[in-house]
Number of protein chains: 2
Amino acid sequence: MTREHLGDRSVVRRPASIKDVAAAAGVSPTTVSHVLSGNRPVNEDTAARVRSVVNRLGYVPASLARSLQAGSTSVIGLLIPDISNTFFAELAKGAEDAAHDLGYGLILCNTEFDADREDRYLGMIRSRFIDGMVYASGSPPSRRRLEALMGKFPIALADEEVDGLQGALIATADHEAGGRLVGEHLRELGHRRALMLTGPRALKSGADRANGFVKAFKGKVVERVGDFKEASGHRLVAGRLEEGRLDCTAVFAANDLMAFGALTALREAGLSVPGDISVVGFDDIRAASLIHPPLTTVHQPAYDVGRTATAQLLQYVSRGEVPPASRHTLPVELKVRASTAPPAR
Amino acid sequence: MTREHLGDRSVVRRPASIKDVAAAAGVSPTTVSHVLSGNRPVNEDTAARVRSVVNRLGYVPASLARSLQAGSTSVIGLLIPDISNTFFAELAKGAEDAAHDLGYGLILCNTEFDADREDRYLGMIRSRFIDGMVYASGSPPSRRRLEALMGKFPIALADEEVDGLQGALIATADHEAGGRLVGEHLRELGHRRALMLTGPRALKSGADRANGFVKAFKGKVVERVGDFKEASGHRLVAGRLEEGRLDCTAVFAANDLMAFGALTALREAGLSVPGDISVVGFDDIRAASLIHPPLTTVHQPAYDVGRTATAQLLQYVSRGEVPPASRHTLPVELKVRASTAPPAR
DNA sequence: TTGTACGCGTTATCAA
DNA sequence: TTGATAACGCGTACAA
């Protein structure tokens, strides 16, 4: 680590302002403003002179001052729990694309499921540093905080709706249809007894998946509550195996990571997939198609969820309105791979 | 999609300003400011009265105005090519953590390798909407644009250094050491002929990996240039297989995705890994340990790269300085898994 | 075709 | 202990 001698360059000097340009060009700040914005006609010679000074001084309008006077920043926030989770990374990509399309910037609000951190980021909307927020906290959010904010500030809920929260703009995947597709698939293969590894009870999405599955499967379903982590899938399946026999021919995990854990536990017990038992996940993260055997799973339109939520939000934000209640349910898709097969006889 | 009747609530009304509070509390804006900041003593009764009005009106200081007067926004940018790439997602997480620790916000500048998009984001620093930029474009960046910016604005280079760019603050993984570790590992296993799949020529990181590898391996190395995508790894290996024999006992791909492609090509050709041929990757993305066989690869400290670059940048930004030239090389680690073994005799 | 004056919301300076 | 004023940098209504 070296520090070169940079003289004055090591300290940022005051950048040229519109006044500096005006003075150097011998015109008023108003004229400079209009030369740059084109909002009113300017004498061509004057304009040329101004432009030349702009170049010479390297003048760039301070967007901060512009925002202050305009009353909006053209920046919104994206609140998610964990950007290193591929689901949220895809969602973020969709959100960023939508924001960029409309000339908005996107502040990454990564909360790590930490309430204080979430509060700090929600403060950005209260202090009007951001024009709106795409909210995808990934955990059962405190309804109260949100209720106080929605209606006053533009907020869109992505991925996970908040139970009992009315009047929100919502974009989610069709979780129930996903569960249903899995149920139908396993039923058609001939399965009649399944173990379902769910996510935390409080998540609406998880409940929807479970409901859809149970309805469509029409067989015996044992539910076990996990936490969406790989270890939890492993623990739950290993636990069942130790208790005695697994007593089912298929495992449906509410997300891919838990399915991975289940696969490992089954392998460790000397069971083959899908020979002895079928396994299905949910999410279709990148690794799902790469593992052995490739995992049958439900593809979630994470990118579309982020993109839709953001595009909808901005449609209202750009007009200075609080978005109305609306719901956008995005289609999911069953990816049948090699981890499912008819049950052994 | 329904639109409820929300009356006046559908349009955001003007939020309370410090003047409103001052008027309602019968004091000057100055006093309100000081009650809230604690920057000077205020009579307890007056303060209580002000606080009560603040609550009643729901006043929150406009951070925009604060920023204008302070001359900085406490927001920086993170410029990356693709947030859905787990490497950059991890890097982003590290950057966000570091920014959050120092009370800074982080704008996600996802460029998709698009020069125009990159330009637009770099404009944010010129217009001083952001106080600095962590630059990890993932592709050979146009030195010129950057040179013009650095020295005038706070920029830190992360992951990829820019060839010939002087005086920059840089944080990267130790790519050369990574290549060396792979070379030593394969050599110790007894391999003497290897195929190396490199990334695009222009990337310094790729060259470093190749150099380290060739030096330490000391055997015969055939190099083929790929583009860091899975398809490219598949194509290069399949091509060699078609041309005749592969003529090597090990494949070293410059990133995991290309290694995945290589694995698929080998499997399709009926070759076993590591029985017939060993495969090594680089990056240690999540899927690397999940695929079959688990991939021997070099773990990149993506999180630390993002965190270090950001923390270093902010150390100077917070003092209103342009960061000096400095280099932070972060250690990598060889993860030996099941895709490597001694060569078949 | 151009300029003056004001407002955006805050904080620092200076005065009382 | 408090307040009036200026300044941050810009856009624009109004005037000339």
Side-chain angles (χ1 to χ4, degrees), chain A residues 12-51 53-54 57-74 123-131 320, chain B residues 12-51 53-54 57-74 123-131 320:
Chain A
V12 183
R13 58 173 177 192
R14 190 176 71 80
S17 80
I18 198 170
K19 283 185 192 170
D20 300 327
V21 175
V27 297
S28 75
T30 305
T31 299
V32 176
S33 173
H34 287 304
V35 168
L36 264 42
S37 71
N39 277 351
R40 83 180 183 193
V42 176
N43 176 291
E44 192 41 56
D45 290 347
T46 315
R49 191 154 31 94
V50 167
R51 269 190 281 269
V53 173
V54 164
L57 300 188
Y59 168 69
V60 179
S63 49
L64 209 54
R66 203 175 252 176
S67 293
L68 179 63
Q69 120 56 47
S72 70
T73 59
S74 289
M124 298 186 83
I125 198 171
R126 273 191 249 259
S127 70
R128 284 148 287 150
F129 192 87
I130 55 178
D131 292 345
Chain B
V12 183
R13 57 173 178 193
R14 188 177 71 79
S17 81
I18 198 170
K19 284 184 191 170
D20 300 328
V21 175
V27 296
S28 75
T30 308
T31 298
V32 176
S33 174
H34 286 305
V35 167
L36 264 42
S37 71
N39 277 349
R40 83 179 181 194
V42 176
N43 177 291
E44 193 40 56
D45 290 347
T46 314
R49 190 155 33 96
V50 168
R51 270 189 281 268
V53 173
V54 164
L57 301 187
Y59 167 68
V60 180
S63 51
L64 212 54
R66 201 174 255 176
S67 292
L68 178 63
Q69 115 77 29
S72 70
T73 60
S74 289
M124 299 186 83
I125 199 170
R126 273 191 248 261
S127 70
R128 285 147 288 151
F129 192 86
I130 56 178
D131 292 346

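Chain A is the first sequence line, chain B the second, and so forth, proteins listed ahead of strands; every chain is numbered from 1.
Between the CD1 atom of B:Ile18 and the C1' atom of D:dT2 there is a distance of 14 Å, rounded to whole Å. We find that NE2 of B:His34 is positioned 13 Å from C1' of C:dA15, with the value rounded to whole Å. Here C:dG9 presents its C1' atom at 7 Å from OH of B:Tyr59, a figure rounded to the nearest Å. In this entry the distance linking NZ of A:Lys19 with P of D:dA7 reads 8 Å, nearest Å. In this structure, CZ of B:Arg128 is placed 8 Å from P of D:dG9, rounded to the nearest angstrom. What separates CG of A:Leu64 from C1' of C:dC8 is a distance of 12 Å, to the nearest Å.
Remark on DNA chain D: of its neighbouring residues B:Arg49 and B:Ala70, the 5'-side contact belongs to B:Arg49, judged by nearest-heavy-atom nucleotide. Heavy-atom distances to DNA chain C give each of B:Leu68 and B:Asn39 a nearest nucleotide, and the one nearer the 5′ end belongs to B:Leu68. Closest-nucleotide positions on DNA chain D for B:Glu44 and A:Ser63 were compared, and the one nearer the 5' end corresponds to B:Glu44.
Among the heavy atoms of the strands, none lies under 4.0 Å from A:Ser67. A:Ser37 comes within contact range of no nucleotide atom at all, as no heavy-atom separation falls under 4.0 Å. Among the atoms of the strands shown, only primed sugar atoms or phosphate atoms (P, OP1, OP2) are found under 4.0 Å from some heavy atom of A:Thr31.
Among the nucleotides C:dT10, C:dG3, D:dC10, the one closest to any side-chain atom of A:Gln69 is D:dC10. Which of D:dG3, C:dT10, C:dG3 sits closest to the side chain of B:Val27 comes down to D:dG3.
In this structure a side-chain-to-backbone donor-acceptor pair under 3.5 Å is present from B:Asp131 to B:Thr73. At distances below 3.5 Å, at least one donor-acceptor pair connects side-chain atoms of B:Ser67 with backbone N or O atoms of B:Ser63.
If you check distances only, the side chain of B:Arg14 never reaches the base of C:dG7 with a donor-acceptor pair under 3.5 Å. Looking at A:Thr30, its side chain comes within 3.5 Å of the base of D:dT12 through a donor and an acceptor atom. The base of D:dT2 is paired with the side chain of B:Arg40 by a donor and an acceptor separated by under 3.5 Å.
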Test side chain to side chain contact (heavy atoms under 4.5 Å, CB included) on B:Val35 and B:Thr46 and set out the steps. CA-CA 9 Å; B:Val35 167; B:Thr46 314; 5.7 Å; no
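Between the OG1 atom in A:Thr31 and the CZ atom in A:Arg49 there is a gap of 9.5 Å [rounded to 0.5 Å].
Counting non-hydrogen atoms of other residues, nucleotides and ligands closer than 6.0 Å to CZ of A:Arg128 gives a total above 12.
Contact check, A:Ser33 against D:dG11: a side-chain N or O comes under 4.0 Å of OP1 or OP2. Between A:Ser17 and D:dG9, a side-chain N or O to OP1/OP2 separation shorter than 4.0 Å is absent.
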